[in-house]
Amino acid sequence: SISDTLLFGKGANKFPEPVIIGAAINILDCILPDNVVPSYTSATNELIGSSVKLVLPAPIDATLLYVSVVNPVFAYLTTEPTFTPVNTLPGAVTLVPSITTSSTLFGNLSFSITASATKSAVSDTDFIFLNYLEEAVADNIDSLSNIAGLLISKNGNIIFENYYNGSYREDIYPVFSVTKSFLSTLVGQAHDMGLILDPNLPMSNFLNEDIDYLNDITLSNLLTMTSGYIPIDNYLYATTYELANASHSSGPGSFFYQNPACHLISHVIFHNTGLSPYYFAEVYLFPQLGISDPFWHFGWSYINDGGNGLWLNLRDMSKLGQLYIQDGYSGDNQILSSEWIEQATSSAVSTGLQPLSGYGYLFWVPDVQNTYFEGSFFIMGTGGQIIFVSPKHKLLIATHSHIYPEDAIDHENKLFYAIWDYLIPIFKLGDLNNDRLINIIDILKISDSILDSLAYSEEADLNNDNMIDINDINIFVSSLLGTSF
């Protein structure tokens, strides 16, 4: 299945499943597997106030703990006990039972407990600066009130995954304008199959409507937000003619971000493939990504919203970025051409924004030309639905966010700059020769830079003290050896 082939690396790896810990526990006589060390505070048979503490084996993050009670055995109690984690320290969680009655328990309370948590770390051989990453997340992400989830993968493996503010791995969120990049991918697939012609051709080649302006604009104009159309209200329920005949400026060319003109691309897919975007994706994209029956808003003639409207969990949302990292391959099958990927993720027009100064085919392209992260791009949705992709470094950073309680746009800005300023730079640490490997060669280069008094390099300044010295070498060596310093 695609879940065994796409995520991540052609057939080699995939997202890890949750770690399941299951055992029968007695409040007064805890029995757990060897890798789970229990402690408890219960001197009497009184249920209320008793607690069971589970110390979970690394690398489990106990903030993701799920607890279920199976077949509790108790007397004179009318309500089953519930268990709430009362601390969020990684590696340990205290479960405090509570009930809505004051009845006491006669005899020991016996029950089964199942706790599951997702891995939040991998071995140092996968990413030796993981501790730096975890510190950056703790300092810049954890406290954001709207953050729901953060997933980071490197070289096809998850190296960090956590959920916040009551969210869980399975939670489905509206991904808003991330939908646009899914739509672009569908256009690319249809183009690769010969169902959609060269996007640089006039729109009159794609829509059979008697509208003069369709001869003046191209499908590429729609994909790059340069169509010149003026947004209309209730675009989702507009007919193809109404969308294509909307008011427009004097002509195409200027970047203007909007949903209605993007939705016209959904109509292009419908009229040129005979399928709505959803049903086209159900055949050619979603199964190949391991995405099962997602919800996608639709309007007139059941054509799905091209501007937003998809609902996905964080892992499923991130799979689109991983597809691009894998050069369009799902397992051994290339479902999206390298040529389309190159065209879609390259800057075609200036946005006038920084650092997201460029825009491709419904992808945001930052100003990273001639830098370490050249070739990277963003997939963005309102309120903090973000995917950062660096194919060159096989790096993906994805987030889900609530659109409440704080202002969604303010949160989106805070989250973006937390990723841009603090998380992404960590992934260039130590790679002094720009070979995307961190090894003894880089240590030698640090040593040479010190001995020869070479120019300052951010990649070599591992302790961020604005100088390159023996302390950076010690940190590097310790990190490579997997020892503390």
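Fair warning: this is a prediction, and the values are worked out from it, not measured in the lab.
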Exactly one candidate in L423, L396, I426 meets side-chain contact (heavy atoms from CB on, under 4.5 Å) with I152; the answer is L423
Quiz item: For L144, does its backbone N or O pair with a side-chain atom of N165 as donor and acceptor, under 3.5 Å?
Solution: yes
Rounded to the nearest 0.5 angstrom, the CD1-OG distance for I265 and S227 is 8.5 Å
**Prompt:** Does the side chain of Y361 come under 3.5 Å of the side chain of S220 through a donor N or O and an acceptor N or O?
**Reply:** yes
### Message
In terms of relative ring orientation, are Y324 and F363 parallel, tilted or perpendicular, with 30° and 60° separating the classes?
### Response
tilted
- Message: If you count heavy atoms of other groups shown closer than 6.0 angstrom to CD of E342, is the number above 12?
- Response: no
Whether S181 side chain and L362 backbone form a donor-acceptor pair below 3.5 Å: yes
Problem - E161 (side chain) donor-acceptor with L150 (main chain) under 3.5 angstrom - result: no
Once you measure the plane-to-plane angle for Y284 and F280, does it fall in the parallel (<30°), tilted (30-60°) or perpendicular (>60°) bin?
tilted
Looking only at heavy atoms, the pair that brings S347 and V365 closest together is N-CG2, 3.9 Å
Separation between CG (L130) and NZ (K154), nearest 0.5 Å, reads 12.5 Å
Determine yes or no for a side-chain-to-main-chain donor-acceptor pair under 3.5 angstrom, with N304 supplying the side chain and Y278 the backbone.
yes
Pair H191, S337 - check side-chain hydrogen bond (donor to acceptor under 3.5 Å, both in side chains), show working.
CA-CA 9 Å; H191 173 65; S337 69; over 6 Å; no
* Asked: Are the side chains of Y132 and P425 in touch, meaning some heavy atoms are under 4.5 Å apart?
  -> no
Subject >> Pair H393 + F373: ring centers closer than 6.0 Å >> reply: yes
Next on the checklist: Please tell me whether Q334 and S338 have a donor and an acceptor in their side chains that are separated by less than 3.5 angstrom.
Outcome noted: yes
Mind checking whether W420 and F378 have parallel, tilted or perpendicular rings, split at 30° and 60°? tilted
Is it the case that the side chain of Q258 and the backbone of Y229 share a donor-acceptor pair, with hydrogens and angles ignored and the cut-off at 3.5 Å?
yes
For D139 and Y422, test the side chains for any donor-to-acceptor distance below 3.5 angstrom and give the result as yes or no. no
Closest heavy-atom pair, M317 versus T399, reported as atoms and distance to 0.1 Å, is CE-O, 3.3 Å
Closer than 3.5 angstrom, by distance alone: can the side chain of D171 be matched with the main-chain N or O of Y168 as a donor-acceptor pair?
yes
Scanning both residues in full, the closest heavy-atom pair of F377 with G375 reads CD2-O, 3.8 Å
Should the pair Y173 and H400 be assigned to parallel (<30°), tilted (30 to 60°) or perpendicular (>60°) ring geometry? tilted
Can you label the angle between the F255 ring and the Y257 ring as parallel, tilted or perpendicular, going by 30° and 60°?
-> tilted
**Asked** With no hydrogens and no angle check, do the side chains of D305 and Y235 hold a donor and an acceptor under 3.5 Å apart?
**Response** yes
message = We want to know whether Q343 and E339 form a side-chain donor-acceptor pair, criterion being a heavy-atom distance below 3.5 angstrom.
response = no
Please check: side-chain N/O of N146 versus main-chain N/O of E406, any donor-acceptor pairing under 3.5 Å? yes
